[in-house]
There are 2 protein chains.
Amino acid sequence: MANESTFQLFTRSAFGLEPGCRVGVQFKALATPAALTRGELAPLDQHFDQLVFVARGATKLAAHASEDREQIVAFHFGGDIVSIPAEGLYSYTLTALVDTELLSFPAREFFDFAATEVSTSRALMDRLPRALHRCRDKAVALGQKSALERLAGFLLAMSERVGVTEGNVVILELPMSRRDIGDSIGLTIETVSRQLGALRDAGFIATQGRSRIALLDLEALRKSAGFAPLPTDISPQLGKFDLDQCDAVQARLPEPETGRI
Amino acid sequence: MANESTFQLFTRSAFGLEPGCRVGVQFKALATPAALTRGELAPLDQHFDQLVFVARGATKLAAHASEDREQIVAFHFGGDIVSIPAEGLYSYTLTALVDTELLSFPAREFFDFAATEVSTSRALMDRLPRALHRCRDKAVALGQKSALERLAGFLLAMSERVGVTEGNVVILELPMSRRDIGDSIGLTIETVSRQLGALRDAGFIATQGRSRIALLDLEALRKSAGFAPLPTDISPQLGKFDLDQCDAVQARLPEPETGRI
DNA sequence: CGCTTAATTGAGAGCCTTCAATCATCGTGG
DNA sequence: CCACGATGATTGAAGGCTCTCAATTAAGCG
């Protein structure tokens with residue numbers, strides 16, 4: 001049964017737990033599974049915070065600033081845990097970019113159980129700050145960077161998440177539209193398109209169809225993104241997945257690794 | 001001794017712990033106290049994530065995007081816990097806005113200990129998501145809002161933090177400069193000044209000297225900030241302090257409460 | 001193959017920034 | 001207590017970057 005395997009993905013890949021253990025059983029009682037098709041909204045209760053585990057697929061978390069302004073706050077892929085606030089200043093929606101399976105939890109009860117177990121607590125204390133730091137990086141981009149810098153940063157961040165390295169280049173198969181990209185980095189679709197053209201004209205990327213982009217020169221993209229040169233000393237690389245890992249503008253750019261642990 | 005009282009503030013107000021308890025003792029061994037004067041940088045080791053408890057005073061956490069671009073990611077006041085990332089895409093600095101006392105911890109070890117105690121785990125699972133959600137609200141403002149909206153949102157957020165209600169108006173005694181405000185909401189000091197003038201001309205605020213601002217019409221400011229009208233149903237108000245509570249653009253605007261628990 | 005939707009491209013407008021000068025504030029020293 | 005100087009804030013004018021509006025082109029699907 002799909003729900004069963006989804007739940008096992010959750011306990012094991014997210015927390016390294018056996019599904020049958022105590023908190024595993026407690027979590028299972030809280031979990032609401034959902035299978036979404038491309039474009040579908042996750043059913044959320046706006047009255048309280050929620051935690052959503054994305055088992056398979058890809059999603060966007062969007063805040064609605066007004067009728068016609070939305071800010072995509074993070075993209076998520078399989079293995080991510082999303083923290084979704086209750087309706088506050090803005091209302092948030094989680095939308096599937098492709099067919100997606102997920103598990104929803106009410107945050108309060110989830111944390112109540114999680115706090116009783118050292119391993120889950122510790123795992124959350126890894127993921128939550130990481131999500132926060134990614135959100136900060138995004139805020140820096142939105143607050144300080146030009147259109148070109150944001151787009152280059154976005155592409156580099158995506159290369160970390162969904163990039164496939166083929167020889168010297170990284171191939172991206174983006175599940176999101178230009179509008180989604182624009183809503184994520186605070187630009188209009190036209191500006192996204194123009195800056196994409198600029199990067200293409202510069203020879204840094206190549207495009208193919210609507211969703212395939214090849215990154216031809218990562219170092220040039222790093223410069224375009226306005227990132228300082230790589231730090232001289234080797235900072236420890238934590239390869240693990242994270243809450244909201246994909247906060248759009250974020251790229252560590254180590255030697256391109258295969259990825260996911 | 002100052003350090004002793006600072007530490008008690010930490011254990012008690014942040015976590016509701018007695019200083020002598022097991023984790024209390026463990027935390028104490030990790031803690032590095034510091035007393036900063038206005039303008040001084042907190043001594044931070046950029047090689048690993050840190051957690052800083054602001055016991056007294058006010059600080060700004062800034063990311064340095066380049067030589068002359070910095071984004072203030074959050075302001076903090078007494079009782080706040082700040083999560084500071086190791087150097088990644090950007091380097092971060094924590095600066096005292098006024099004379100400030102704080103306690104620094106290496107994040108990893110702190111979390112290792114915290115995870116072993118249910119109450120501290122649970123407290124962090126309140127604070128961390130809250131900080132994340134505030135950062136998201138900030139990202140929305142930076143990505144989608146106009147200068148006027150951002151400034152109005154900033155003032156409303158500050159009213160929640162340092163506002164003193166006097167009859168119908170809220171008085172702000174801002175500890176940060178115009179530059180800090182601009183760096184926080186992604187504008188230049190000139191634009192901040194101009195929009196402040198616009199709000200003054202509209203009669204929504206009044207200014208006095210460099211740092212005192214009176215909010216004369218909260219509802220008008222809410223409109224100026226581009227916030228939707230208050231939600232119809234009463235969502236539960238959690239009055240507790242939070243990690244990075246002051247993520248600049250954020251305002252819940254309940255009945256103006258005296259504040260701090 | 002044709003249609004619908006998404007993406008690209010162009011021209012003009014608007015908002016914020018940049019550059020520059022003036023003014024105000026506040027701390028300091030007389 | 002006041003005058004002064006330094007720093008911060010305000011105000012003005014010009015320019016640039018991104019948005020808006022519009023038209024065209026391309027992509028993907030039936």
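Naming convention: chains lettered A, B, ... in sequence-line order (proteins, then strands); numbering from 1 in each chain.
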Validation row: B:L44, B:T93 side chains within 4.5 angstrom (heavy atoms)
no
Grab the CD1-P distance between A:I189 and D:dA27 for me, whole Å please.
17 Å
Nearest-neighbour nucleotide for the A:L187 side chain, D:dA9, D:dT18, C:dC16 considered:
D:dT18
Starting from P on D:dA9, measure out to CZ on B:R179 and report it in whole angstrom.
9 Å
For A:D99 and A:R38, indicate whether the former's side chain and the latter's backbone hold a donor-acceptor pair under 3.5 Å.
yes
Between B:T188 and C:dC16, is there a side-chain N or O to OP1/OP2 distance below 4.0 Å?
no
Between A:R56 and A:S5, do the side chains contain a donor N or O and an acceptor N or O under 3.5 Å apart?
yes
Nearest whole angstrom, please: distance from the P of D:dT10 to the CD1 of B:I205.
9 Å
Atom CZ of A:R38 and atom C1' of D:dG28: how far apart are they, to the nearest Å?
10 Å
With a 4.5 Å limit on heavy-atom distance, are the side chains of B:P33 and B:E101 in contact?
no
Are any of B:R178's side-chain N or O atoms less than 4.0 Å away from OP1 or OP2 of D:dT10?
yes
For C:dT18, does the base pair up with any side-chain atom of B:R194 as donor and acceptor (N or O, under 3.5 Å, distance only)?
yes
Scan side-chain atoms only and decide if B:S193 and B:R178 contain a donor-acceptor pair under the 3.5 Å cut-off.
no
Contact nearer the 5' end of DNA chain C, comparing B:A147 with A:G209
A:G209
Mind calculating the distance between CD (B:Q195) and C1' (D:dA9) to the nearest angstrom?
15 Å
Taking for each residue the nucleotide of DNA chain C bearing the nearest heavy atom, is the 5' side occupied by A:R200 or by A:R210?
A:R210
Please state how far atom CD in B:Q144 lies from atom C1' in D:dC19, giving the value in whole angstrom units.
12 Å
OP1, OP2 of C:dT17 versus side-chain N and O of B:T191: anything below 4.0 Å?
yes
Is there a side-chain contact between B:I81 and B:F53, using heavy atoms and a 4.5 Å cut-off?
yes
Given DNA chain D, 5'-ward residue of the pair A:V192 and A:S211, judged by closest heavy atom:
A:V192
A:R69 CZ - D:dC19 P separation (whole Å):
13 Å
Need one value for A:G182: base, sugar-phosphate or nothing, where a base atom within 4.0 Å counts as base even if backbone is also close, heavy atoms only.
nothing
Whole-Å distance between C:dC15 C1' and B:E190 CD?
14 Å
Over 12 non-hydrogen atoms of neighbours within 6.0 angstrom of CG in A:N168:
no
Computed from five pairs at either end and rounded to 10 degrees, the angle between the axes of the helix from C:dC1-D:dG30 to C:dG30-D:dC1 is 40°
